[in-house]
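Everything on this sheet refers to the single structure shown next.
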Amino acid sequence: MDYGKERVVALVDMDCFYVQVEQRLNPSLKNTPCVVAQYKTWKGGGIIAVSYEARAHGVTRNMWADDAKKLCPDLQVARVRESHGKADLTHYREASVQVFEVMSRFAVLERASIDEAYMDLTAAVQQRLKSMTDQQVDPQLMKTSHVQGYPLSPLDQEGAAQDTTTDKEERRSRGLLQWLSSVSGGSGCAELQLALGAVIVEEMRAAVEQHTGYRCSAGISHNKVLAKLACGLNKPNRQTLLPLGSVPELFNSLPIGKIRNLGGKLGASITETLEVENMGELTRFSQAQLEQHFGDKTG
DNA sequence: CATTTACTGCTT
DNA sequence: AAGCAGTAA
């Protein structure tokens with residue numbers, strides 16, 4: 001029993017990384033709607049990174065800079081360096097190395113891309129468990145952590161009417177406290193291990209910002225797919241714990257294409273073959289059925 | 001020309 | 001080693 005809970009895995013993803021690199025290089029870009037674009041001649045260049053201020057205006061990746069300017073007249077455009085007529089990403093690779101150097105102090109990393117890394121925190125969590133006197137985790141050590149599925153919906157609870165005016169930080173904090181108080185004490189408790197993993201990731205992210213100036217988001221769960229999914233739930237500059245108990249409700253309304261590697265043709269073939277839309281509906285099929293259709297790459 | 005670039009797994 | 005399909009940012 002408890003299959004799938006034996007590891008603590010995190011995914012750290014830099015927020016609009018190329019934009020942050022350009023903002024550090026040119027501080028006047030900080031806290032502004034801005035993008036990074038490559039090549040200038042065709043429609044102002046193609047956008048490959050977008051600040052969150054610019055996203056609020058509807059600016060997206062893959063947009064031409066000239067088109068983005070129509071949506072956001074104050075948009076500032078940083079240019080990717082060019083060498084030999086080609087886009088040269090050296091600056092971002094060097095920034096990436098700096099980030100990875102800091103994160104490597106905390107755990108062994110698996111580089112997923114120039115701005116993303118997976119890490120297995122199981123051993124580091126076990127270390128902390130040993131050197132822990134009580135079985136409680138201080139919520140003060142989880143100041144940017146969200147727990148997916150918490151606070152529990154009032155409908156599942158008794159009575160109280162939904163409070164639609166609650167502030168985001170208020171909700172985050174309430175959910176965190178509610179979840180922490182529901183985490184039982186045992187040293188084999190998977191939820192306690194996730195909490196300790198989140199504390200480690202809080203420290204890692206703070207160190208990355210202190211030493212490089214770059215901010216990131218993170219997901220903490222029991223495997224890479226769930227960690228990646230969790231990371232995307234609260235961005236930017238936040239981290240999300242995804243306990244296994246919160247997965248069924250999350251999957252109920254989660255399009256299959258939101259899962260890593262199912263965003264393309266494979267996901268579309270699943271939707272078509274099985275006539276399902278959301279991840280939750282996949283539980284209606286046995287692993288043998290899934291393998292028959294899609295090979296042994298289903299877990 | 002008008003996404004582009006990078007990475008992974010598989011095949012040749 | 002090199003090319004191709006698939007995937008993602």
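Letters A, B, ... mirror the listed sequences (proteins, then strands); counts begin at 1.
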Legend entry - For chain A, the stretch of DNA chain B it reaches, first to last nucleotide, under 4.0 Å of its heavy atoms: B:dA2 to B:dC7
Inset, instruction - Keeping to residues at least two apart or across chains, list the side-chain hydrogen bond (donor to acceptor under 3.5 Å, both in side chains) pairs with something in residues 7-16 of chain A. - result: A:D13-A:K235, A:D15-A:S217
Inset, instruction - Please figure out whether A:A87 or A:W64 has its closest DNA chain B nucleotide nearer the 5' end. - result: A:W64
Inset, instruction - Kindly determine whether A:Q20 and A:Y92 satisfy side chain to side chain donor-acceptor pair (under 3.5 Å), including the steps that lead there. - result: CA-CA 10 Å; A:Q20 288 200 79; A:Y92 314 118; over 6 Å; no
Inset, instruction - Would you mind listing every salt bridge (charged side-chain N to carboxylate O under 4.0 Å, His left out) that reaches into residues 177-196 of chain A, with sequence neighbours excluded? - result: A:K5-A:E191
Inset, instruction - Could you tell me the separation between the CZ atom of A:R260 and the C1' atom of C:dA8, rounded to a whole number of Å? - result: 10 Å
Inset, instruction - Only pairs at least two apart or in different chains count here, so list each side-chain hydrogen bond (donor to acceptor under 3.5 Å, both in side chains) that has a residue in residues 100-111 of chain A. - result: A:E110-A:K224
Inset, instruction - Flag the pair A:L244 / A:L194 as yes when at least one side-chain heavy-atom distance between them is below 4.5 Å, and no otherwise. - result: no
Legend entry - Residues that A:F106 engages under ring pair (Phe, Tyr, Trp, His ring centres under 6.0 Å), provided they are two or more places apart: none
Inset, instruction - Sticking with atom C1', work out how far B:dT3 lies from C:dA8, rounded to a whole angstrom. - result: 14 Å
Inset, instruction - Using whole Å, report how far CD of A:E116 lies from P of C:dT7. - result: 17 Å
Inset, instruction - Scan residues 125-137 of chain A for pairs that pass salt bridge (charged side-chain N to carboxylate O under 4.0 Å, His left out), counting only residues two or more places apart or in two chains. - result: A:R128-A:E203
Inset, instruction - Could you tell me whether A:L89 contacts a base, only the sugar-phosphate backbone, or nothing, with contacts defined as non-hydrogen atoms closer than 4.0 Å? - result: sugar-phosphate
Under 3.5 Å, N/O pairs linking protein and nucleotides 3-6 of chain C:
residue: C:dG6; atom: OP2; partner: A:K265; partner atom: NZ; Å: 3.1

Legend entry - d(CE, A:M63; P, C:dA9) in whole Å: 18 Å
Legend entry - salt bridge (charged side-chain N to carboxylate O under 4.0 Å, His left out) contacts touching residues 38-67 of chain A (sequence neighbours left out): A:D67-A:K70
Please output the side-chain donor-acceptor pairs of residues 255-267 of chain A that fall under 3.5 Å, not counting sequence neighbours, one pair per line with the distance.
residue: A:R260; atom: NH1; partner: A:Y118; partner atom: OH; Å: 3.3

Legend entry - Sequence neighbours excluded, every pair satisfying ring-ring contact (aromatic ring centres under 6.0 Å, His included) that has a member inside residues 181-220 of chain A: A:F17-A:Y214
Legend entry - DNA chain B contacts made by residues 39-50 of chain A, counting heavy atoms under 4.0 Å: A:Y39, A:W42
Inset, instruction - Could you list all the salt bridge (charged side-chain N to carboxylate O under 4.0 Å, His left out) pairs where at least one residue sits in residues 268-286 of chain A, not counting sequence neighbours? - result: none
